[in-house]
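A quick write-up on the structure given underneath.
As the structure is a computational prediction, the values presented were derived from the model and not from experiment. Residue numbering restarts at 1 for every chain, and letters A, B, ... go by the order of the sequence lines.
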Amino acid sequence: MSKATLERGLNALREQIDTPIALFFSSCTHCGMCATACLFYTETENPAYTPINKVEPLRRLWEQEYTLVGRIKKALGMSKPITDAELEEWKEYAYNACSLCGRCTMVCPVGNDITYMIRKMREGMAASGHTPEGLVGASTRAVKIGSPMGVKLPALQAQARHVEKDTGIEIPFDVEGAEYMLLMSSMEIMNYPEYLEAVSKIFNAAGKSWTISSEAFEATNSGIQIGSSDIARELVSRVVNAAEKLKVKTVISPECGHAYTAIRWEGPNLIGRPFPFHVKHILEVLDEFREQGLLKTEGFEDARMTFHDPCQLVRRGGVVQQPRNLLNMVATDFVEMKDHGIMNWCCGAGGGVSANEDAEELKMKAFNRKKHQLEELNVDTLVTACANCRIQIEEGLEENEIDMPVVGLTEMLAEHLVEDKKTGVSDND
Amino acid sequence: MTEINNESQFRAALKGMSLANQREVGASFVEQVAYLADDERIGFAIRVASNKDAAEDELNAAHKAAKAAAIDCYTRCGSDADWAAQAGYFVARAASAIVTPEKDVGRDGPAWTAAANSRLARTCSIIESNPEAESQEAGKQYRILEDYLKKRV
């Protein structure tokens with residue numbers, strides 16, 4: 001990297017030092033409790049993976065330029081300048097060894113939001129070019145094509161036609177005035193098309209109007225993961241424009257963790273104004289249907305099952321009780337992991353880790369935490385509500401030779417939906 | 001003689017079949033698209049599902065192998081979509097369906113799950129070249145099922 005890119009990165013880091021960041025650094029007691037909350041540390045015991053260490057260059061910059069002692073030390077040549085080599089080294093800590101899961105934030109005794117700090121750190125890393133190749137590729141495709149995986153509208157339409165044929169239910173595109181606008185992750189379009197099928201069955205049974213925008217169907221936001229607010233803003237804006245154009249009341253974030261954080265929590269701040277529509281996760285919507293008597297299920301799962309809480313949905317997003325309400329509709333032997341809900345352990349692949357090939361080995365080490373949790377419970381089935389968690393868990397179970405189905409909660413509910421004899425399947429062939 | 005001309009007839013006919021027959025006809029559905037995966041684990045699943053006398057151990061081993069094949073070829077989050085390779089993923093899922101242990105068989109049954117995933121595999125194989133084209137896989141499956149039912153009568 002050149003001196004110019006380093007300077008650009010340092011400027012980006014300087015811009016991130018706002019009041020919360022300064023307060024967090026001032027408050028940190030270096031107690032190390034965040035280390036014990038981080039699965040990348042617990043599963044490797046590498047002290048460099050201590051969460052607060054992942055923002056060390058940002059801390060030094062803050063100290064050197066925004067504190068009296070730091071300025072004096074800098075003037076006397078007693079402080080170490082931040083270098084390109086150092087930022088390159090920190091790429092491993094800030095990206096490979098962090099899923100932005102937020103567990104460190106929960107245990108910090110002085111209340112520092114360390115996840116927020118790492119998110120800020122990534123802004124400087126991205127500006128200086130110290131980002132994993134996989135995330136660069138995903139972000140480029142997201143901006144140019146509209147999907148981090150390069151999924152184009154005709155591919156989604158082809159999958160939608162497939163679902164229509166299987167279910168006899170129309171997948172509505174670009175319906176102005178629909179109550180709900182459904183977003184999808186490319187992972188669901190490519191790997192789990194049964195999600196779209198499940199949604200179409202449930203909404204059809206509930207009698208609710210919904211649509212997919214052909215201009216903005218992608219929910220995921222690579223800008224959040226790589227640490228580029230400009231990219232994140234652009235991707236959020238596309239969804240907002242589409243929702244406003246179609247005049248929908250609610251935008252539904254799919255079974256994807258960080259997509260929910262991006263559109264629900266960071267979205268309005270990124271575009272600098274409130275949304276004229278609600279944003280809800282699919283499980284929030286389904287739980288509302290349950291409350292309104294619009295989600296009717298029959299039969300129960302015999303299997304002993306547990307729920308893996310996607311971090312961005314549950315801990316960072318606050319959707320804690322809804323999945324449990326929904327699971328109780330169809331599960332008779334549901335058990336919680338020892339650490340669950342807001343203190344769940346991450347699957348190990350969030351925050352862009354799964355898109356980062358450099359982190360392949362590390363994410364499987366991190367998965368060991370989930371493996372131990374599952375071994376304690378002796379369950380038959382694991383249910384979750386994030387396609388990325390699902391793939392990571394499936395891969396981890398396979399690597400550890402554990403035979404256990406991993407199921408998406410929306411799909412499981414659709415499996416138990418009371419069948420409407422009027423709809424059934426298509427006779428048009 | 002049973003004629004299968006639409007999805008309702010297709011699904012109703014599948015639903016009325018025993019588990020062993022569903023596995024067997026499902027294997028024929030998977031056979032049609034197996035070349036899209038080029039993975040010997042798919043062939044293993046087809047062979048086991050086609051054998052009505054297959055032991056439970058064999059079914060479990062074939063299921064495990066097919067599941068592993070699916071996990072080996074899914075598209076990773078954030079990676080560039082390769083629809084041709086993705087076809088292999090759905091073939092593996094279809095193969096996994098026909099050897100799923102009885103306790104894990106879902107409401108739709110193995111034959112329908114295999115049919116649906118085989119169609120998805122075919123759709124993936126043509127998405128890049130001609131996304132508007134309608135896959136003819138369903139029609140082929142209707143004929144396969146008709147033939148199967150005829151042989152049994």
Side-chain angles (χ1 to χ4, degrees), chain A residues 134-135 137-139 141-142 147-155 157-159 161-162 165-168 185-187 189-191 193-194 197 220 222 225 256 299 302-303 349 352-357 380-381 387-388 391-392 394-395 397-399 401 403 405 415-416 424-429, chain B residues 4-12 60-61 63-64 67-83 85-86 89-90 93 96 100-101 103-104 106-108 112-113 115-117 119-128 130-139 141-142:
Chain A
L135 280 175
S139 302
R141 284 187 292 276
S147 150
M149 295 163 79
V151 174
K152 296 174 187 156
L153 178 64
Q157 288 169 327
Q159 298 292 56
R161 280 196 297 275
H162 173 87
K165 191 172 174 57
D166 285 356
T167 61
S185 70
S186 289
M187 285 280 282
I189 299 167
M190 289 204 73
N191 293 314
E194 52 268 39
E197 183 172 332
T220 60
S222 308
Q225 295 176 326
C256 171
D302 298 327
V353 170
S354 60
N356 173 5
E357 285 184 16
D380 306 311
T381 300
N388 190 47
I391 288 270
Q392 159 77 349
E394 282 183 348
E395 204 178 321
L397 292 173
E398 174 61 28
E399 186 152 313
E401 298 189 348
D403 189 20
E415 271 267 311
H416 287 272
V425 291
S426 170
D427 281 345
N428 306 321
D429 181 54
Chain B
I4 309 287
N5 293 312
N6 58 48
E7 286 294 275
S8 291
Q9 292 170 346
F10 183 66
R11 294 186 75 161
N60 287 340
H63 183 245
K64 204 174 163 195
K67 255 181 79 178
I71 289 165
D72 283 350
C73 56
Y74 76 85
T75 304
R76 150 207 298 275
C77 180
S79 62
D80 202 359
D82 179 346
W83 287 100
Q86 189 66 5
Y89 166 76
F90 286 109
R93 289 205 335 175
S96 168
T100 297
K103 66 178 174 58
D104 295 326
R107 184 155 78 168
D108 289 331
W112 166 250
T113 309
N117 279 287
R119 293 176 192 181
L120 280 164
R122 185 71 73 192
T123 302
C124 286
S125 71
I126 58 173
I127 273 180
E128 288 291 0
N130 192 3
E132 302 298 323
E134 188 71 27
S135 163
Q136 303 303 312
E137 204 59 31
Q141 291 172 351
Y142 296 170

Approximate separation, where rounding is to 0.5 Å, of [X] [atom1] and [Y] [atom2]:
X: B:E7; Y: A:T167; atom1: CD; atom2: OG1; result: 9.5 Å
X: B:R107; Y: A:H416; atom1: CZ; atom2: NE2; result: 7.5 Å
X: A:T381; Y: B:D104; atom1: OG1; atom2: CG; result: 6.5 Å
X: B:E137; Y: A:H162; atom1: CD; atom2: NE2; result: 11.0 Å
X: B:I127; Y: A:Q159; atom1: CD1; atom2: CD; result: 4.5 Å

For [X], which atoms come within 4.5 Å of any heavy atom of chain B: side chain, backbone, both, or neither?
X: A:S354; value: both
X: A:M190; value: both
X: A:Q392; value: neither
X: A:N191; value: both

- line: What one should report as the nearest heavy-atom pair of B:G78 and A:M149 is N-CG, 3.5 Å

message: For A:E415 and B:D108: C-alpha separation, side-chain torsions, deciding distance, then whether side-chain contact (heavy atoms from CB on, under 4.5 Å) applies.
response: CA-CA 9 Å; A:E415 271 267 311; B:D108 289 331; 4.0 Å; yes

- request: Go through the steps to decide whether A:E194 and B:R93 satisfy the test salt bridge (charged side-chain N to carboxylate O under 4.0 Å, His left out), and finish with yes or no.
  value: CA-CA 12 Å; A:E194 52 268 39; B:R93 289 205 335 175; 2.8 Å; yes

- prompt: Going by heavy atoms in the side chains, are A:D403 and B:K67 under 4.5 Å from each other?
  reply: yes

query: Got a sec: does the CD of A:E357 have more than 12 other heavy atoms crowding it under 6.0 Å?
result: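 No, the 6.0 Å shell around CD holds no more than 12 heavy atoms from other groups.
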
task: Spell out, as yes or no, whether a donor-acceptor pair under 3.5 Å connects the side chain of B:D80 to the backbone of A:G150.
output: no

Most contacts with chain A, counted as non-hydrogen pairs under 4.5 angstrom, among B:A68, B:S79, B:A70: B:S79

- prompt: Looking at B:A81, B:C124, B:C77, which one has more heavy-atom pairs under 4.5 Å with chain A than the rest?
  reply: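 Among the listed options, the one with the most contacts to chain A is B:C77.
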
Sort [X] into side chain, backbone, both or neither according to what part of it lies under 4.5 angstrom from a heavy atom of chain A.
X: B:T75; result: both
X: B:D82; result: backbone
X: B:Y74; result: both
X: B:F10; result: neither

- request: List the steps and the verdict of side-chain contact (heavy atoms from CB on, under 4.5 Å) for A:D166 and B:R119.
  value: CA-CA 10 Å; A:D166 285 356; B:R119 293 176 192 181; 3.4 Å; yes

task: Would you mind checking if B:K103 and A:D302 are paired as a salt bridge, meaning a charged N to carboxylate O distance below 4.0 Å?
output: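 No, A:D302 and B:K103 are not salt-bridged.
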
- line: side chain to side chain donor-acceptor pair (under 3.5 Å) filter on A:T220, not counting sequence neighbours, yields A:E218

field: Between A:S186, A:P193, A:A349, the one whose heavy-atom pairs under 4.5 Å with chain B are most numerous
entry: A:P193

- request: Show your working on side-chain contact (heavy atoms from CB on, under 4.5 Å) between A:I391 and B:R76 and close with a plain yes or no.
  value: CA-CA 8 Å; A:I391 288 270; B:R76 150 207 298 275; over 6 Å; no

